[in-house]
Amino acid sequence: TLDSLSKKLDALLKEKPDYVIIQFGHNDMKRYDAKVYGEKLKGYVERVKKAGSKPIVFSSVTRRHFNENGKIQSVVFSERTLPEYALSAKAVAKETKAPFLDLNTISIEHHNKIGPEESATYNFKSNDKTHFSPKGAKKIAELIITELKTTIPELKPYLPK
């Protein structure tokens, strides 16, 4: 829940990290709309800045649901789609001048490229199209590292080659 996330953020900020990556949205879209999500996200970004750390906003990765043409298709919950939350995250990052990684778009492009069969090897469990197997987690981490090197070049010396 957001309360537990909030407490974890408080504990993390006491450690005075240089950077804090903020990413949530999959479960939140089941609870409230993208506007409320954006307000909550903005609050976290502001807390990170106030604590003296640098926030980095990530949108959520896509859920791996494919249409009949073998392309990613947005899942709808209560008339809401994950791309709406990605756009909200992007707007918050722009408004707060925080770096932004659009993992939603990046992951959609990746899964459309590899297709449904290979994408299924990323499933944590056979029917889990949100969470990752070790193979899927490794690949998504590689995509994130590549993007971080471009988005925040000062991190490049600290990231794997």
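Computed from a prediction, not measured in an experiment: that's the story for all the values here.
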*Donor-acceptor pair, Asn123 side chain versus Asn127 backbone, under 3.5 Å?*
no
*State, with a plain yes or no, whether a side-chain heavy atom of Val48 is found less than 4.5 Å away from one of Leu9.*
yes
*Distance from Lys8 atom NZ to Leu13 atom CG, nearest 0.5 Å?*
14.0 Å
*Asp128 backbone acceptor or donor facing Arg64 side chain under 3.5 Å*: yes
*What is the distance from atom CG of Leu101 to atom CD1 of Ile106, rounded to the nearest 0.5 Å?*
5.5 Å
*Taking the side chain as C-beta and beyond, is there a heavy-atom pair between Val92 and Phe100 under 4.5 Å?*
no
*asked:* Can you tell me if Asn69 has over 12 outside heavy atoms packed within less than 6.0 Å of its CG?
replied: yes
*Just by distance, do the side chain of Thr62 and the backbone of Asn104 share a donor-acceptor pair under 3.5 Å?*
no
_Minimum side-chain heavy-atom gap Thr146-Leu143 below 4.5 Å_ = no
*Enter the distance from Ile56:CD1 to Tyr19:OH here, rounded to the nearest 0.5 Å.*
6.5 Å
*Please say whether more than 12 non-hydrogen atoms of neighbouring residues, nucleotides or ligands are located less than 6.0 Å from CD in Glu154.*
yes
*Tell me, with the steps shown, if Ser88 and Lys35 meet side-chain contact (heavy atoms from CB on, under 4.5 Å).*
CA-CA 7 Å; Ser88 185; Lys35 183 178 182 210; over 6 Å; no
_Note, Pro55 side chain near Lys49 side chain (heavy atom, < 4.5 Å)_ = yes
*With the 4.5 Å side-chain cut-off for hydrophobic clustering, are Phe124 and Ile144 part of the same group?*
no
_Criterion side chain to side chain contact (heavy atoms under 4.5 Å, CB included) against Lys42, the qualifying member of Glu46, Lys40, Glu39_ = Glu46
_One pair to check against side chain to side chain donor-acceptor pair (under 3.5 Å): Ser59 and Asp102. What are the steps and the verdict?_
CA-CA 5 Å; Ser59 63; Asp102 188 354; 3.1 Å; yes
*Are the side chains of Phe24 and Ile22 in touch, meaning some heavy atoms are under 4.5 Å apart?*
yes
*Tell me, do Lys135 and Glu118 make a side-chain contact under 4.5 Å, heavy atoms counted?*
yes
*Test side-chain contact (heavy atoms from CB on, under 4.5 Å) on Tyr44 and Val57 and set out the steps.*
CA-CA 10 Å; Tyr44 287 125; Val57 176; over 6 Å; no
_Between Val36 and Leu41, is the side-chain contact (heavy atoms from CB on, under 4.5 Å) condition met? List the steps._
CA-CA 9 Å; Val36 172; Leu41 179 59; over 6 Å; no
*asked:* For Pro160, is there any backbone N or O sitting under 3.5 Å from a side-chain donor or acceptor partner on Lys149?
replied: yes
*For the pair Glu84 and Thr81, evaluate side chain to side chain donor-acceptor pair (under 3.5 Å) and give the outcome as yes or no after the intermediate values.*
CA-CA 6 Å; Glu84 295 171 51; Thr81 64; 3.1 Å; yes
_From NZ (Lys14) to CG (Asp10), nearest 0.5 Å_ = 6.5 Å
*Kindly give the heavy-atom pair with the smallest separation between Ser133 and Thr121, and that separation in Å.*
OG-O, 2.9 Å
*What distance separates Tyr158 OH from Asp18 CG, expressed to the nearest 0.5 Å?*
8.0 Å
*Begin with the C-alpha distance, continue with both residues' side-chain angles, and end with the deciding distance and a verdict on side-chain contact (heavy atoms from CB on, under 4.5 Å) for Phe66 and Ser119.*
CA-CA 10 Å; Phe66 289 84; Ser119 181; 3.5 Å; yes
*Any donor and acceptor pair, going by atom type alone, linking the side chain of Asn112 with main-chain N or O of Ile72 inside 3.5 Å?*
yes
*Can you check whether Leu12 reaches Pro17 side chain to side chain, under 4.5 Å on heavy atoms?*
yes
_Applying a strict under-4.5 Å side-chain criterion to I, L, V, M, F, W and Y, I'd like to know whether Leu155 and Phe58 cluster together._
yes
_Glu147 backbone acceptor or donor facing Thr151 side chain under 3.5 Å_ = yes
*asked:* How close do Ala89 and Tyr37 get, counting heavy atoms only, and between which atoms?
replied: CB-OH, 3.8 Å
*Please name the pair of heavy atoms, one in Pro99 and one in Ala93, separated by the smallest distance, quoted to 0.1 Å.*
O-CB, 4.3 Å
*When rounded to the nearest 0.5 angstrom, what is the spacing between CD1 in Ile140 and NE2 in His110?*
5.5 Å
_Check: Tyr122 ring centre within less than 6.0 Å of His131 ring centre_ = no
_So Phe132 and Lys138, do their side chains get closer than 4.5 Å, heavy atoms only?_
no
